[in-house]
Protein chains: 2
Amino acid sequence: MDRLDREILGILQQDARISYRDLGVRVGLSANAAADRVRRMRRDGVIRGFTTLVDPAADSGGGLVVFIDVTLRLDTTNEEFEQQVAKLPGITEVVHVTGEHDYLVRARAADPAALDMLLRRLKRDAGVAQSSTRIALRAATRPPGPAS
Amino acid sequence: MDRLDREILGILQQDARISYRDLGVRVGLSANAAADRVRRMRRDGVIRGFTTLVDPAADSGGGLVVFIDVTLRLDTTNEEFEQQVAKLPGITEVVHVTGEHDYLVRARAADPAALDMLLRRLKRDAGVAQSSTRIALRAATRPPGPAS
DNA sequence: CGCAGTCCCGACCGATATTCGGCCGCGTCC
DNA sequence: GGACGCGGCCGAATATCGGTCGGGACTGCG
């Protein structure tokens, strides 16, 4: 994990389909050396995988994206919650945060009924005491936009 | 955007570096037909780009991830805010949400001083009246994990 | 019917990925 | 010092891939 590795990570985050040859040119290595570093980082878990960013409008097609502020019950540990919430459908992200709530959970639901089910299961199965749900109306996300 | 396109998107989200030949095999097309569909979706904006998922621990290396609840000033329009906030450094995501605040902004900051600067600029340049910041302590995110 | 458009295929060729052997610098051990 | 193993890098050879071309099947339309 030297400076070169970090540079490679930055480039790969912008364009995961770049050829190893071009990658090597941009960091001053041969295609082989660049590919070796990428393979090593994949084996070591530094690189989790290569994924594709899809236009949310085309992807979800009417589904709901929600942010749920969650407060755990006193008898529920963070480990238990994190383990249980991972099993629920539509969970996109779970982050332990500062502030009056314990977690910020991001999820997708096909419709309000699915959201209702998700919230019920959060309370029943994941040890959630209180939740406050905000529905995403519009995503204005851009940076750090990957190369086209 | 038929069923085949959605199937291709799913596969690409799991492994953005798959070869067109393998992609074609998995959806029952030739490499050419599969590549054509990917190129078409790239041109149409359905595919925003290809990126690499990096282990947050190795990536940030001490940086802060924050969630900022934002309320706009009365004299600021949503369009103005979205346009201005995109220019600020470290902004990862901007979502218009329901609830007592207007937007949920996700951002990265190298240290508390950078976060201070970001919040000042939000109020000064982007028309933010009030903000409530929560710092991410730990990300317990998993699904939908891409293939290894 | 002719025609244009769309989607797909097979074949080709230049570019790329992967593997292999080899080189070099480094630290270890005797 | 000298031998050894290790990690990182390179160049060459071979397998694979990506982009392009020509062509076939199908559809809609005048």
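Proteins come first, then strands; the chains are lettered A, B, ... in the order of their sequence lines, and each starts at number 1. Computed from a predicted structure; not experimentally measured.
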Q: Before giving the answer on salt bridge (charged side-chain N to carboxylate O under 4.0 Å, His left out), spell out for B:Asp5 and B:Arg40 the whole-Å C-alpha distance, their side-chain angles and the decisive distance to 0.1 Å.
A: CA-CA 10 Å; B:Asp5 281 332; B:Arg40 174 172 50 77; 3.0 Å; yes
I need the [atom1]-[atom2] distance between [X] and [N], as an integer number of Å.
| X | N | atom1 | atom2 | result |
| --- | --- | --- | --- | --- |
| A:Tyr20 | D:dC10 | OH | C1' | 18 Å |
| A:Leu4 | D:dG7 | CG | P | 18 Å |
| B:Arg17 | D:dC17 | CZ | P | 13 Å |
| A:Leu23 | D:dC9 | CG | P | 12 Å |
| A:Ile18 | D:dG18 | CD1 | P | 15 Å |

**Q.** Stepwise side-chain contact (heavy atoms from CB on, under 4.5 Å) test for B:Ile68 and B:Tyr103
**A.** CA-CA 8 Å; B:Ile68 311 171; B:Tyr103 282 88; over 6 Å; no
**Q.** A:Arg138 charged N/C atom sitting above B:Phe81 aromatic ring, 6.0 Å / 45°
**A.**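 Judged by the rule, A:Arg138 and B:Phe81 form no cation-pi pair.
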(Q) I'd like the 5' and 3' limits of the part of DNA chain C contacted by chain A, with heavy-atom contacts below 4.0 Å. (A)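 From 5' to 3', the first and last contacting nucleotides are C:dT16 to C:dT19.
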Q. Say you draw a straight line from CG of A:Asp44 to CE of A:Met1; how long is it, rounded to the nearest 0.5 Å?
A.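 A:Asp44 atom CG to A:Met1 atom CE measures 9.5 Å (nearest 0.5 Å).
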Q) Going by number, which of residues 30-40 of chain B have a non-hydrogen atom under 4.0 Å from DNA chain D? A)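 Listed by number, they are B:Asn32, B:Arg39.
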So for atom [atom1], which belongs to [X], do other residues, nucleotides or ligands contribute more than 12 heavy atoms lying within a distance under 6.0 Å?
| X | atom1 | result |
| --- | --- | --- |
| A:Arg120 | CZ | no |
| B:Glu80 | CD | yes |
| B:Arg39 | CZ | yes |

Q: Could you check B:Arg134 against A:Asp69 for salt bridge (charged side-chain N to carboxylate O under 4.0 Å, His left out), going step by step and ending with a plain yes or no?
A: CA-CA 11 Å; B:Arg134 282 172 288 167; A:Asp69 292 317; 2.5 Å; yes
